[in-house]
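The next block holds one structure in the form of structure tokens; read it before the comments.
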Protein chains: 2
Amino acid sequence: MSSMTTARIPAAPQARLGLRERKKLKTRTAIRNATYALISEQGYDATTVEQIAERAEVSPSTVFRYFPTKEDIVLTDEYDPLVEDLLRERPAEESLLDSLRFVIRQGLRMAVADDPDFAEREMKLRIGLMAKVPAVRSRAMESMSVTGRLMCRAMAERTGRDENDLEVRVYAMGLMGALLEACIYWAERDCQDDLLDLIDRTLATFKDLPKR
Amino acid sequence: MSSMTTARIPAAPQARLGLRERKKLKTRTAIRNATYALISEQGYDATTVEQIAERAEVSPSTVFRYFPTKEDIVLTDEYDPLVEDLLRERPAEESLLDSLRFVIRQGLRMAVADDPDFAEREMKLRIGLMAKVPAVRSRAMESMSVTGRLMCRAMAERTGRDENDLEVRVYAMGLMGALLEACIYWAERDCQDDLLDLIDRTLATFKDLPKR
DNA sequence: CATCTTTTGACAGCTACTCTCATTTCATGG
DNA sequence: CCATGAAATGAGAGTAGCTGTCAAAAGATG
């Protein structure tokens, strides 16, 4: 689930990117940081795109050019491919549920790697917003279905089924829904529990999808 | 899943409701019918609330008084309590998955009861919109979490767990996500398959949640 | 430096949605 | 049947998210 990870682009070869690309990345994170700051100060609804634009020192049009909706500023990240790679690296015989457990563990570990405090605060803010603000939760569910299709591909490889099999699609979305609910559960209890433990228990409520 | 059923209020004692209540019901369905008609003619996005208000012969303010958002006009129904009742009538020993199978079957049967053609057209329109229009799908997912809480209550009774147990919450949302995906799958294939069959196969991908 | 492309900002416009307030419509007790 | 109170409605103004266009600015390229 993309919207749970918070790491920056994993050791991106920021070296030679061309001035243009570097600027783009900069404004992108400027917008995001401005948004996080403003939301922390005054809440989600009270924060307008104009304010975000002002603090990020860009025009409102630019904000919408980078993020199609306000919710996307909070939620969008680009880690689906990372998850997909990690998943593909796991042995094909391993059950999908086990692989998932591993990948999520690994993903969170990488996310917290270089700046634990920042990563943790940001993750709590995001998941908190997901739990409290309907619009954000809504958007998270949308992105859940994207990540779900990714799961479908992974499952198709494992089980020898087609990635458009009803069973595959349905199982993937069930998983995603469950994982998202686990996050909401976590946020509702003020992030007191161990998220990895919750995820383990969540995955345990599923049976393996039979091959073929 | 409330947003799948399309029956009218089950034999509501429309008899003595008071003129006021009857009028309210009337405008409510007027708005809904206007919306369905307009969307069938010109699509969801091209249909504005003003047009809906005009065709339903009410003011725009009134539309918003009846439905908080445009998506709600399409999706809102009041059948969660019906589902809950049906579910509670099932024997407590029956597995939740079996009960669900039965209740959905029964629910669909009741929905199609008095005017099969209308019910079928409306259901296909709604589920089709859910599959195609992001905003509607989004809203459907929101309402899914409401119905999910209902499932939690039912499961709590069966398994002797608390309705706020992580396992219960997560299992319920997994189920809802899977069922919703089944509907989308159905719509994507132009409603060619037998929806009940798809739902059976969907439920079969789950294991029973152990008691306690 | 000149030219071409990409990115940006300013602006106008649409629509979903909210709020307020005066008016109308229904309910009720005398 | 009428007067009083309560609820539903309509009108209008206002906010904010989001889209589109177009000209100016900034980076890339030879």
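Throughout, protein chains are lettered first and strands after them, A, B, ... in sequence-line order, and every chain is numbered starting at 1. Computed from a predicted structure; not experimentally measured.
In the set D:dG17, C:dT20, C:dT7, C:dT7 carries the atom at the smallest distance from any side-chain atom of A:K24. Side-chain proximity of B:V49 to the nucleotides C:dA27, C:dA16, D:dG17 is greatest for C:dA16. Distances were taken from every side-chain heavy atom of A:V58 (C-beta onward) to each of C:dG9, D:dT9, C:dT8; the shortest belongs to C:dG9. In the set D:dT19, C:dC17, D:dA28, the nucleotide with an atom closest to the side chain of A:F64 is D:dT19. Side-chain proximity of A:S61 to the nucleotides D:dC18, C:dC11, D:dG10 is greatest for C:dC11.
Atom CD1 of B:I52 is separated from atom C1' of C:dC17 by 13 Å (rounded to the nearest Å). Here C:dC11 presents its C1' atom at 12 Å from CD of A:E50, a figure rounded to the nearest Å. When the P atom of D:dT15 is taken as reference, atom CD of A:Q51 falls 14 Å away, rounded to whole Å. As a whole-Å value, the separation of B:I31 CD1 from C:dC17 P is 13 Å. Taking atom CZ of B:R65 as the reference point, atom P of C:dT23 lies 16 Å away to the nearest angstrom. To the nearest angstrom, P of D:dA8 lies 12 Å from CG of B:L25. Atom CZ of A:F67 and atom P of D:dG17 are 15 Å apart (whole Å). Following rounding to the nearest Å, B:D72 (CG) and C:dT18 (P) show an atom-to-atom distance of 10 Å.
For A:Y66 and C:dT8, the shortest distance from a side-chain N or O to OP1 or OP2 is below 4.0 Å. Distances shown here put every side-chain N or O of A:S59 at or beyond 4.0 Å from the OP1 or OP2 atom of C:dA10. Not one side-chain nitrogen or oxygen of B:K23 sits closer than 4.0 Å to the OP1 or OP2 atom of C:dT25.
A salt bridge between A:R105 and A:D200 is present, with a side-chain N of the basic residue lying under 4.0 Å from a carboxylate O of the acidic one.
Remark: the B:R20 side chain and the C:dT25 base include a donor-acceptor N/O pair separated by less than 3.5 Å. Counting atom types as modelled, A:R22 pairs no side-chain N or O with a base atom of D:dG27 as donor and acceptor under 3.5 Å.
Ranked by how close their nearest DNA chain C nucleotide is to the 5' end, B:L19 and B:T48 are led by B:T48. Sequence order on DNA chain C of the closest nucleotides to A:E21 and B:T47 puts A:E21 first from the 5' end.
Results of the salt bridge (charged side-chain N to carboxylate O under 4.0 Å, His left out) test with B:E84 over B:R153, B:R90, B:R149 single out B:R153 as the only residue that passes.
A 6.0 Å sphere centred on CD of A:E50 holds no more than 12 heavy atoms belonging to other residues, nucleotides or ligands.
Stacking of A:R32 on the aromatic ring of A:Y36 is not recorded, the 6.0 Å distance cut-off and the 45° axial limit not both being met.
With no hydrogens or angles considered, no side-chain donor-acceptor pair links B:T29 and B:N33 at under 3.5 Å.
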